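Each ligand, and each atom within it, is numbered from 1 in the order the structure gives. These figures come from a predicted structure and were not determined experimentally.
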Amino acid sequence: MAAFITRMNLRTTSILALALGLVGARRPQARVDNGLALTPPMGWNSWNHFGCNVSESLIRETADSMAANGMRDAGYRYVVIDDCWQVSRAADGTIVADPVRFPHGIGALADYVHSKGLRFGIYTDAGTKTCQGRPGTYGHEVQDARTYASWHVDYVKEDWCNATGLDAPAQYAKFRDALAHSGRPIVFSICEWGHNQPWDWAPTTGNLWRTTDDIEDKWSSMLTNLDISAQHSTIAGPGAWNDPDMLEVGNGGMTDAEYRAHFSLWAIMAAPLMAGNDVRTMSAATKTILQNPEVIAIDQDSLGAQGVIVWEPAPDVQVWSKKLRDGGIAIVLLNRSSTATKISANFWRAGLHVDSARIRDLWTHADLGKFKSDYATTVSGHAVVMLRVAPIT
Ligand code: GLA
C-alpha cells in the first residue's frame, strides 16, 4: 500500500481516501519518492556530544569504533557530521570545509567511512547561516546538493536557523528537488523543529522531520519530545518518519534505566535511532542499551507503524502499543513517576484481538510464557518494561 501510494500524486491519494471512507480520519499521504529510509534511519550524529568540536580524526575514529564494537552490525549505518564542518564559500560559491579540522577534505573522509561499511552524512541549513553561524545553503541549493553528491554523501540534515521570512515547505522542497537531481540517492532529514507544521507537508518532502525543539540529556526533556512526536503517529510510515531528535543514551545526564526507557520509547515510536554519544569510549551498559537487538527489531519492523498510547490508567502511567509485520505487537509499559507502580496491559485494548498470547521481555530477553487477556507487572520509577506479544490463535 505504501509503495503504491508513493507512486501516486496527492490528488489521487485524496480520491482514494474518499473512496475508502477515510475522510474525517487523517488522510494517507504520498511519501517522498526517493525509495530511501524504508525503515527508520539508524546511525550516529556528532551534535549531542561534541557540538562544534568536530574533526576528521573524530569522524574516522568514530567510524573505526562503529565497525569494530558492534554498532554497525547492530544496524547503525549513517555517520553524520552536524554543524561546524564548513567555514566559507569559494569564489565560485562552492562550500568550503574547515581546512584545519578536515585537512584531507570531506570527499576523502566520506570514502574512509564507506571503506568501513558505513554511510556518510552531513549537515546544512536552509537559511543564510547555520545555527552556529556557518554558511547556509540559501541561494546555493543546487550547487550544494551537487557538491555533496560529488563527495559521495548519503544523508543530509537541513536545519532552519537564520531563515526569517522564508517559507519552510518551499525551501525544503527546493532542497529535496536539488538532491533528487544530484545524481546520488541521499536521505533527506528535515530539521525545522516542528515550528511550521511539518506533519502537513514533510512526508512528501523528506525522509524524516524533526517534530520538536532540541532534546536535552534529561528525563523531562526526553518526555517532552516523546509527547509531541506521539501526536503525529498517523503520518509516519516506510520512507517518512517523525523525528523526536537524536538519542542521548550514554551522555551521562540520565540513569541507565532512564536511558533504557528513552531507547524503548524511540523504538516503539519508529523514530530514527541516531546515537549521540561518544561511541569510542562508551560503557558496557550504554553499549548493551544501544545494541539491544530485540528493541532495535521493533524500531526497524518493516510494517513501519508508529506506536501509540492505548491506555493511561493514571497520569504518570502509559501503555504503548505498536503493530508489527508478523501480526504481533510490541508493548511498552511506561512509568513516568519516580515510584514503582504496577502496570497492566490488556491485549484487546493494545490492538491484539485474541484471548491469549505468548510474551517475551525485550530487556531481560526472557520468554515469560502464555497469558490470557492481560499481562501485569511492577515497573520501577522512571523506567519501562518492553514486551513482544505474539498472538496464540
Ligand atoms: C539546531 C538543531 C540541532 C543541531 C544544531 C547545530 O539546534 O536542531 O540538532 O543541528 O542546530 O547548530
Side-chain angles (χ1 to χ4, degrees), residues 37 40-55 58-59 62 76 78-88 95-98 101-102 106 120-138 144 148 153-164 166 168 171-172 175 179 186-199 202 205-218 221-222 224-229 232 241-251 253 262 266 269 271-279:
M42 292 177 66
W44 173 90
N45 175 297
S46 54
W47 183 254
N48 282 356
H49 191 87
F50 295 95
C52 261
N53 194 15
V54 289
S55 65
L58 170 69
I59 302 303
T62 296
Y76 295 89
Y78 294 95
V79 176
V80 182
I81 316 181
D82 208 278
D83 208 345
C84 302
W85 62 268
Q86 62 285 71
V87 283
S88 59
I95 190 79
V96 176
D98 184 329
R101 287 175 172 268
F102 297 91
I106 302 295
F120 181 76
I122 212 164
Y123 162 101
T124 187
D125 187 289
T128 51
K129 287 184 174 162
T130 72
C131 294
Q132 302 304 315
R134 308 304 176 93
T137 201
Y138 183 69
D144 284 353
Y148 298 157
V153 165
D154 306 296
Y155 180 115
V156 175
K157 169 177 170 181
E158 191 181 36
D159 216 333
W160 190 241
C161 280
N162 303 299
T164 308
L166 297 179
Q171 290 309 123
Y172 283 103
F175 207 71
L179 290 175
I186 298 179
V187 172
F188 186 27
S189 162
I190 294 172
C191 179
E192 56 71 75
W193 324 300
H195 288 193
N196 301 271
Q197 288 76 46
W199 19 94
T205 309
N207 297 108
L208 57 157
W209 52 89
R210 282 274 297 277
T211 50
T212 69
D213 289 328
D214 290 6
I215 194 169
E216 292 168 60
D217 187 14
K218 52 187 192 196
S221 168
M222 185 276 287
T224 298
N225 285 14
L226 172 78
D227 293 344
I228 297 169
S229 238
H232 306 290
W241 310 99
N242 286 305
D243 176 9
D245 205 358
M246 301 166 296
L247 297 165
E248 291 284 10
V249 176
N251 279 334
H262 174 19
W266 263 229
M269 285 201 297
L273 298 179
M274 300 300 286
N277 60 318
D278 187 344
V279 294

Q: Between E248 and M246 (side chain of the first, backbone of the second, donor and acceptor by atom type, cut-off under 3.5 Å), is there such a pair?
A: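 Checked: no pair found.
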Q: Can you tell me which residue and heavy atom of the protein come closest to atom 9 (O) of ligand 1, and the distance to 0.1 Å?
A: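 Here the nearest protein heavy atom works out to K157 NZ, 2.8 Å.
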Q: Should F50 and S55 count as side-chain neighbours, where that means a heavy-atom distance under 4.5 Å?
A: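 Not in contact.
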Q: Could you tell me the residue and atom name of the protein heavy atom closest to atom 11 (O) of ligand 1, and the distance to it rounded to 0.1 Å?
A: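 Ranked first by proximity to atom 11 (O) of ligand 1 is D159 OD2, 2.7 Å.
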Q: Within the structure, does R210 bring an N/O atom to less than 3.5 angstrom of an N/O atom in ligand 1?
A: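 Such a contact does occur with ligand 1.
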Q: At under 4.0 Å between heavy atoms, is it the side chain or the backbone of C191 that contacts ligand 1, or both, or neither?
A: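 The answer is the side chain of C191.
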Q: When you measure from the heavy atoms of W160 to every atom of ligand 1, does any distance fall below 4.0 Å?
A: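 Not so, W160 does not reach ligand 1.
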Q: Of all residues at least two apart in sequence or in a different chain, which pass the ring pair (Phe, Tyr, Trp, His ring centres under 6.0 Å) check with Y78?
A: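 Partners of Y78 under the ring pair (Phe, Tyr, Trp, His ring centres under 6.0 Å) test: Y155.
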Q: May I ask you to identify the nearest protein heavy atom to atom 5 (C) of ligand 1, giving residue, atom name and distance to one decimal place in Å?
A: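 The closest one turns out to be W47 CE2, 3.6 Å.
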Q: By ring pair (Phe, Tyr, Trp, His ring centres under 6.0 Å), which residues pair with W209, not counting sequence neighbours?
A: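 Once residues adjacent in sequence are excluded, W209 has no partner under the ring pair (Phe, Tyr, Trp, His ring centres under 6.0 Å) criterion.
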Q: Check each atom of ligand 1 against the heavy atoms of C131 and keep those under 4.0 Å away; list them by number with element.
A: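 Going through ligand 1 atom by atom, the ones under 4.0 Å from C131 are 1 (C), 11 (O), 12 (O).
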Q: Are the side chains of M274 and D243 in contact, using a 4.5 Å heavy-atom criterion?
A: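 They are not in contact (no side-chain heavy atoms under 4.5 Å apart), so the answer is no.
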Q: Under 4.0 Å between a Lys/Arg side-chain N and an Asp/Glu carboxylate O for R134 and D83?
A: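 No salt bridge links R134 with D83.
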Q: Counting heavy atoms only, name the option from D83, D82, D214 that's nearest to atom 10 (O) of ligand 1.
A: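 The option holding the nearest heavy atom is D82.
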Q: Hey, which atoms in ligand 1 end up nearer than 4.0 Å to a heavy atom of Q132?
A: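 Taking each heavy atom of Q132 in turn, ligand 1 has 12 (O) under 4.0 Å.
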Q: Taking the side chain as every heavy atom from C-beta outward, state whether I215 and H262 have any atom pair closer than 4.5 Å.
A: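 Yes - at least one pair of side-chain heavy atoms lies under 4.5 Å apart.
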